**Q** 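The structure's right below; bear with me while I get my questions together.
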Amino acid sequence: MEHKIIFAGFGGQGVISMGTLMAYAAMAENKNVTFYPAYGIAMRGGTANCSVIISDDPVASPVIAFPNILVVMNEPSLDCFTDRLQEGGTLLANSSLIRKKAARKDIRSFYIPVNDIAEELGDSRMANMAMVGSLLKIMNTVTLSTVFQTMKKTFSPKLLKVIDINQEAMKKGFHAVQL
Amino acid sequence: MEHKIIFAGFGGQGVISMGTLMAYAAMAENKNVTFYPAYGIAMRGGTANCSVIISDDPVASPVIAFPNILVVMNEPSLDCFTDRLQEGGTLLANSSLIRKKAARKDIRSFYIPVNDIAEELGDSRMANMAMVGSLLKIMNTVTLSTVFQTMKKTFSPKLLKVIDINQEAMKKGFHAVQL
Amino acid sequence: MVKKGKIEVRIEHCKGCGLCLTTCKLNAIALSTADVTNSSGYPYVIMINENCTGCTMCAIMCPDQAIDVYREQEHS
Amino acid sequence: MVKKGKIEVRIEHCKGCGLCLTTCKLNAIALSTADVTNSSGYPYVIMINENCTGCTMCAIMCPDQAIDVYREQEHS
Amino acid sequence: MGEKQLMKGNEAIAEAAIRAGMTCYFGYPITPQNEIPAYMAKHLTIRGGTFIQAESEIAAINMVYGAACTGARAMTSSSSPGISLKQEGISYLVGARLPAVIVNIARGGPGLGNIAPSQADYFQAVKGGGHGDYHMVVYTPETVQEAADLTMKAFDVADEYRNPVLILGDAILGQMMEPLVFKEPSGKKFDKSSWTLGNRKGRKSHLINSLSLTEGVVEQWNWELKKKFDLMAERELMVEEYMVEDADVIFVAYGTTARICRSVVHQTRKQGMKTGLIRPITVWPFPTETIAGHAEKTKHFFVVEMSLGQMIEDVRLAILGNAKIHFHGRPGGGIPAEADILKQLKAILQS
Amino acid sequence: MGEKQLMKGNEAIAEAAIRAGMTCYFGYPITPQNEIPAYMAKHLTIRGGTFIQAESEIAAINMVYGAACTGARAMTSSSSPGISLKQEGISYLVGARLPAVIVNIARGGPGLGNIAPSQADYFQAVKGGGHGDYHMVVYTPETVQEAADLTMKAFDVADEYRNPVLILGDAILGQMMEPLVFKEPSGKKFDKSSWTLGNRKGRKSHLINSLSLTEGVVEQWNWELKKKFDLMAERELMVEEYMVEDADVIFVAYGTTARICRSVVHQTRKQGMKTGLIRPITVWPFPTETIAGHAEKTKHFFVVEMSLGQMIEDVRLAILGNAKIHFHGRPGGGIPAEADILKQLKAILQS
Amino acid sequence: MKKVYERNNIAFDMPSPYCPGCGHGVIHRLVIDAIKEAGQEDNTIFMAPVGCSILAYTYLDLDICQPAHGRTPAAATGIKRALPDSLVVLYQGDGDLAAIGTAEIIHAANRGENITAIFVNNAIYGMTGGQMAPTTLKGQKATTCPFGRSPEDGQGYPIRVCELLQSLGGVTYAARTSVHTAPNVLKTKKAIQTGIENQMEKKGFSIIEILSACPVNWGLSPQKSNEFIANEMIGYFPLGDFKKDGKIIQRSDH
Amino acid sequence: MKKVYERNNIAFDMPSPYCPGCGHGVIHRLVIDAIKEAGQEDNTIFMAPVGCSILAYTYLDLDICQPAHGRTPAAATGIKRALPDSLVVLYQGDGDLAAIGTAEIIHAANRGENITAIFVNNAIYGMTGGQMAPTTLKGQKATTCPFGRSPEDGQGYPIRVCELLQSLGGVTYAARTSVHTAPNVLKTKKAIQTGIENQMEKKGFSIIEILSACPVNWGLSPQKSNEFIANEMIGYFPLGDFKKDGKIIQRSDH
Ligand SMILES: Cc1ncc(C[n+]2csc(CCOP(=O)(O)OP(=O)(O)O)c2C)c(N)n1
Ligand SMILES: Cc1ncc(C[n+]2csc(CCOP(=O)(O)OP(=O)(O)O)c2C)c(N)n1
Ligand code: SF4
Ligand code: SF4
Ligand code: SF4
Ligand code: SF4
Ligand code: SF4
Ligand code: SF4
Ligand SMILES: [Mg+2]
Ligand SMILES: [Mg+2]
């Protein structure tokens, strides 16, 4: 088992949090895991992305040339990364902000309106958590409850106060996906 | 034929001029020649020395560990360098300022009162030239006339004005030595 | 008499920083809403009324040279 | 009343720079002649009369700490 | 044993240094190692140590020089161009026999290059980028865990030999998060009172210095340094041999490229190809004998580097013509792809 | 042909540079190369060129960087610690593809060391003291005459490849006076208009730069640099073989130590011992093949260096175990004595 | 209607390579406006620093030289000495100029190199992600002074570069301006023009220090960033001329 | 008679390692006198520069640290931060401090490092044999300005270090003195004492710039050298306090 996931979106969409949360949770399940952020000037201004590898074997390079899972939170990210997705790979796209569909036919695609899900909960910043929920469902490697526990451990005091709504969003995202 | 000569004395005694003059003259006679000065902090304050190698073969290192000719213009230099003179080597000492004799018996020693010679000419700064004269006589490799020609070529305009007295001193030094 | 003016915004060059807005004393411009963005995902500047006098202040302030300014000329 | 003083020169430490001489208002000191040198070849400072008052100026000026100064003490 | 944590390599190095008793850190910002000074600014100061953002890399290495004079455990970190600027300082540390830890989280060069991972500072690290005859132990961690472990060790080794130690990573090691557990520091004590400056109290004065204008003295120091280097070479070698016993092809790679080669070994072993990996953990001292020992039975060595080929010279020196050496390298921030290595490997095996 | 003159190596280098059309010199004082800036201050300025005593070695190399951007022939010189400080700048020159000549009149290290001659900056010079993958042609003149000749050549080679060139001497070469005759400079013209800055007049803008943050660009530059290095390696090698044909023992030495070995060859040949000398004139590119070519019939190679042994690695790489390699080295400013070499030689011949 | 403001085509047809609201964009434009108005497009060599504005080459259609971090004044010296009639414009950030490059700027200034230095003081290391700069204000937070800069705790005082350089003989012009409002942008342009005229008249070294926002690393919106300049920075970094035609105009002391 | 002046036994029983009449010798003695009178012999770390006074270690019986050329202020920072209660005395020449080490001295001063810097301004590079220093006077000859220093020809103005540093927040004390006459030697001692007291009272950075002769490289006798200080140097490098207890006392401008 080896998941090579790229998360991408706008700065402010919580892309890095998605990645680190997944990495922490995978660690808690004793997987081999690496997290690799975009850094330096690439982090500046508009966009953000990070790479997470979750594997049974030790991870070679944490840099993902060709992901088998791609999570995109906005349209520029879809445009930028879709070509790199492996044949047969999985795309998760935030259909609240991404109006078009990926052109490729050799991949599995899921369009989840995570901003809408989040707004239903009254906080559009929860879109990323909803997306994590969807991802968990699709990956079927890390459980929702592990992620919940991880959140308790890793969230800052400020975030802990809003942990419930985070988890709620995640659950909604989880159930939004039909496999 | 290989002469490895160390010239040593006080700063101001014209030790470097002696060395360069010999080197120029040897070059004029198409010998292989190297000149190596003391440099850096060793040049500062009191003392000065330089090394000249004149040889039929190409010169290896211009640094002389063990000279076969040692020219000393004052007593501290005698004390400092005499031990390094090769067995059978030649010592030329300025007996005007050096009152003692070298302790070694395995060397040829010449004591020449070059300051006195120079003062006879009315200019104590000519002591070094007198010493060069003595050296030429003892070495018997470079001729007095070559040195005279060299002086014409290499002396600065200021020095050229006093070339005669320089040459006079040299001649006196030359004749002061009895072989 | 106050002259009439207008601006042209290079939408693809605008980064939605909003600095031009702060200089427009006549409130002639505003940013598009968050869901109306250029292809880099930035909201951009639009004229929201006819107040513009072509004073060029907004253009002077723009870090991205996204604004050109036009002004009615006196007839000579 | 002017006090009497004297200096002691560490001959081997003196470099004959002559700076002490320039400070001695009483001309109590001078350099040895060029042919009288210490073992490093430097002329050195000598007292040339009884003028010294032990004012310490020469020692203060000496870059080589070659001078110690002595002065007559008041009897108390 | 501590708890498992997820940390960036840079942060792991910083935390490990603090745990190892480093009290003085001096650095200047440069990507991709900025998390080290940032971590120090926050955590070292709170824990009573000294953090200074120096005015430059040169100031930083000289601050390290000063702090080391007092016996404090001192460290600096930078990335390639900044490490080039520290070369005079490193040579001085060796010359003055001062312990210190220097971290290079290398990036693509030459010049300003980029901020991608690179192994093109190998020569600089192991042959001496600075002037004069010198060596340092150079650790090349492969994982975040090892980065932490070797950082702790580096301080002991620096103190033991009174010599700087280099940790050579790359942007991947520095930026990657991986699980790790901090080990206990060795707790080894080093009596430095015979040479440190300050608090003199009646003893003879001490001198930290690398100059002598007296003939022969610097040469003598060098002969003494050589003895120390020989001892370091003898005792501080670290190398991992992985599935080499029956290997037809042995990879030689360190750090990030070792991870990649290890993965290729995994894959190929599953396919029945007999591959193995020799991973220098110290690149100085270099595991010359380890490699030489395999050069009789194994016919192919495959060196993989993120450079135009630097360590390969040391591999050649080990093998001395007794086996074939193959090379895959990517310079300027390129990362070797498993697929490319695999392809080249198959060509080798078929030849 | 010019007249025979007696000159210091430092002065000969300075004068040769001026004759080769160097118009911009930037340096910072350091013994034993001070005669170079002093000469420039006097003679370059009178002849219309630019001399600046920079505020530091780092400023000097970056002034060279700037002047080179305009197409001017530019040079800097220093000695070991100062050269260490220039490592970032050298890496930049390579990265930005700028021609320049750098002179290292090396002294004893590590650290401040002393001002005696040394060859312990060999690794720094040939393996790259700076960061990233790069090479420079490194000339190692043996005599004052050769120092002048190679200096002139260095400017042509720098321009030809748009790459810095290093002249590696030592305190002996710099301080020694020897007779020399200045040759005519080659007069080769290099059209630099396709890349130099300034006087734009309608053409496209030019950029001198070593950074790109676009993935793959710096890697691509490196592959292009590699091609250039390969070409330099192929075409710029200079080596002297002296009495090697029938030799039982071949010395390998460069610069000052080559002089010493040559003298030993002389003496021993007179005594009927068959000795010879291979003298790399460029140490990068290194005469690997030349040496390898003799490793079949000659059983003993004797490397002499003023260091703990650095070039010996390149000799080992050439010989690959096919002959015995012996070593005599003196670090920290020590000069190998003919007598000591002779003694060791005799032991070799008797074994 | 007539076009009364149009983009300067010394810049390529693209937005500036900087973050939204970044002062570098405005300052770039002012520099190329001044160059254009002086008719020096084909005679200018633009010296890019190592800092965010290293990206100038992607934006500006000028001959550009990009030297090592902090060493721009040294490289500019080399260029200007080799080509005395070219217009050499330095562009440096506060880390580049006032930290690692301290020696180089001081000595280029002191030699009176006939060049024009544009010094962008944004009180932070932008490119490397928000570390403390030599000009970071007292109490201001950055990744390497997470508790706020504290000079009393040995983190150094914010350095006033104009005041530091004004005592040097080679400096003919030193001025501090800001780009946080349109009127200040216009004043900045004037100052840059003066700096460039000085060079064309061979008057020696000019420096224009410009207070400039880094919204991303200050963690403020572009608007709030410009308010920060108005309310916090100018109090410590007073605007105006510090030296003109080689004469001291004003000072500010600790 | 009573001994009223005796040698300071912090110096080993030998002459100073410097040329006849060199100012370094006097200044060394003043420094060790001040250290001794403050009772700090066993608590002092003396930071030797790279310059003639690198030889201090052969002469002074103190703990001594000898860092790289120009980097003494950085190394001193490292030492002082690690051992805040030690007395750290920097000793630097003009090449060391005002050329290669410009950045280091400025930033150590600006951080207010609690150290005392003795800055020996002899307007020349002594150790390397007489090259132009940042403080070489206009018209003064040196091996690298054989026709006399000419600021107008781009060789730079003689840098006034006290004036340059006085604007920095971390500087508590900056004074210029001279050792060309006995009364000035005594004033210099006072200034050094002030610098050391400041440090013991944790007041921050003190610098004492001392005009000092280099007879050998000036090509003058020791006496003539001191006259050169009186007649040429002081006119350009005015003596006195420039900053005291953090307050500006005097200035001198171009
Ligand atoms: C020798 C060296 N040290 C450090 C760096 C990393 N670095 C790149 S830009 C920069 C400073 C950026 O700050 P500033 O000069 O203020 O420019 P800004 O980005 O704020 O405009 C640093 C430290 C480098 N590239 N080279
Ligand atoms: C990196 C480096 N550059 C240059 C030198 C050579 N060097 C030694 S001392 C010195 C300067 C001496 O002048 P100064 O600092 O004024 O001291 P002084 O001898 O006049 O007291 C220089 C340039 C060096 N040792 N290291
Ligand atoms: S030109 Fe003036 S009035 Fe028109 S939009 Fe711009 S700022 Fe407003
Ligand atoms: S200032 Fe320019 S970039 Fe910013 S919002 Fe206005 S037009 Fe857009
Ligand atoms: S102590 Fe005073 S009076 Fe006596 S010799 Fe010295 S200076 Fe002259
Ligand atoms: S000042 Fe000192 S060294 Fe100089 S002459 Fe007087 S006693 Fe001798
Ligand atoms: S990081 Fe700051 S200085 Fe750099 S481009 Fe962004 S806003 Fe501008
Ligand atoms: S060279 Fe000058 S500074 Fe150095 S010891 Fe001699 S007189 Fe003093
Ligand atoms: Mg900045
Ligand atoms: Mg000096």
Side-chain angles (χ1 to χ4, degrees), chain E residues 58 80-85 87-88 91-96 106 108-116 118 120-121 123-124 127-134 209-213 215-223 225-226 229 307-310 313 316-317 320-322 330-334, chain F residues 58 80-85 87-88 91-96 106 108-116 118 120-121 123-124 127-134 209-213 215-223 225-226 229 307-310 313 316-317 320-322 330-334:
Chain E
I58 290 182
S80 311
I83 297 290
S84 290
L85 287 167
Q87 293 306 319
E88 188 204 24
S91 175
Y92 265 76
L93 285 167
V94 176
L112 192 49
N114 57 24
I115 55 177
S118 170
D121 300 353
F123 276 148
Q124 184 193 61
K127 305 292 173 191
H131 60 285
D133 283 296
Y134 72 84
N209 171 37
S210 63
L211 165 118
S212 171
L213 295 172
E215 208 184 309
V217 172
V218 174
E219 178 171 6
Q220 186 48 40
W221 290 345
N222 268 276
W223 289 119
L225 284 176
K226 181 179 180 340
F229 300 148
S307 76
L308 289 175
Q310 301 192 2
E313 285 202 1
R316 268 196 213 113
L317 281 169
L320 288 177
N322 294 321
R330 300 263 313 259
Chain F
I58 291 182
S80 311
I83 297 290
S84 290
L85 287 168
Q87 293 306 319
E88 187 204 24
S91 176
Y92 265 76
L93 285 167
V94 177
L112 192 49
N114 57 24
I115 55 176
S118 170
D121 299 354
F123 275 148
Q124 185 193 60
K127 305 293 173 191
H131 59 286
D133 283 296
Y134 73 85
N209 170 38
S210 64
L211 165 117
S212 171
L213 295 172
E215 208 184 308
V217 173
V218 175
E219 179 172 3
Q220 186 49 40
W221 290 344
N222 269 274
W223 289 119
L225 284 176
K226 182 180 180 335
F229 301 148
S307 77
L308 289 175
Q310 300 192 3
E313 284 202 2
R316 268 195 213 116
L317 281 169
L320 288 176
N322 294 322
R330 300 266 309 260

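Note that the structure is predicted; figures quoted are calculated from it, not measured. So you know, we letter chains A, B, ... as the sequences are listed, proteins then strands, and number each from 1.
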**Q** Given side chains that start at C-beta, do those of I58(F) and L85(E) come closer than 4.5 Å, heavy atoms only?
**A** yes
**Q** For the interface with chain F, which of V218(E), L320(E), D133(E), L211(E) has the highest count of heavy-atom pairs at distances below 4.5 Å?
**A** D133(E)
**Q** Name the option with the most non-hydrogen atom pairs under 4.5 Å to chain F; the candidates are S212(E), G108(E), G321(E).
**A** S212(E)
**Q** If you count heavy-atom pairs under 4.5 Å between each of N322(F), L213(F), D121(F), V94(F) and chain E, which one has the most?
**A** D121(F)
**Q** Can you find a pair of side-chain heavy atoms, one from L308(E) and one from Y134(F), that are under 4.5 Å apart?
**A** no
**Q** About how many Å separate CG of L112(E) and NE2 of H131(F), when rounded to the nearest 0.5 Å?
**A** 7.5 Å
**Q** Heavy-atom distance under 4.5 Å between the side chains of P110(E) and L225(F), does that happen here?
**A** yes
**Q** For the CD1 atom of I83(F) and the OG atom of S91(E), what is their distance to the nearest 0.5 Å?
**A** 13.0 Å
**Q** If you tally heavy-atom pairs under 4.5 Å against chain E, which of S210(F), A96(F), G128(F), G95(F) wins?
**A** S210(F)
**Q** Step through the shown structure and confirm whether more than 12 heavy atoms of other residues, nucleotides or ligands are within 6.0 Å of CD on Q220(E).
**A** yes
**Q** Check each atom of L317(F) against the heavy atoms of chain E and say whether the ones under 4.5 Å are side chain, backbone, both or neither.
**A** both
**Q** Main chain of G109(E), side chain of N222(F): is a donor-acceptor contact present, judged purely on distance under 3.5 Å?
**A** yes
**Q** Relative to chain E, which of E88(F), K226(F), Q87(F) shows the most heavy atom pairs under 4.5 Å?
**A** E88(F)
**Q** Could you point out which residue of E313(E), R316(E), K127(E) forms a side chain to side chain contact (heavy atoms under 4.5 Å, CB included) with E313(F)?
**A** K127(E)
**Q** With a 4.5 angstrom heavy-atom cut-off, is it the side chain or the backbone of S118(E) that approaches chain F, or both, or neither?
**A** neither
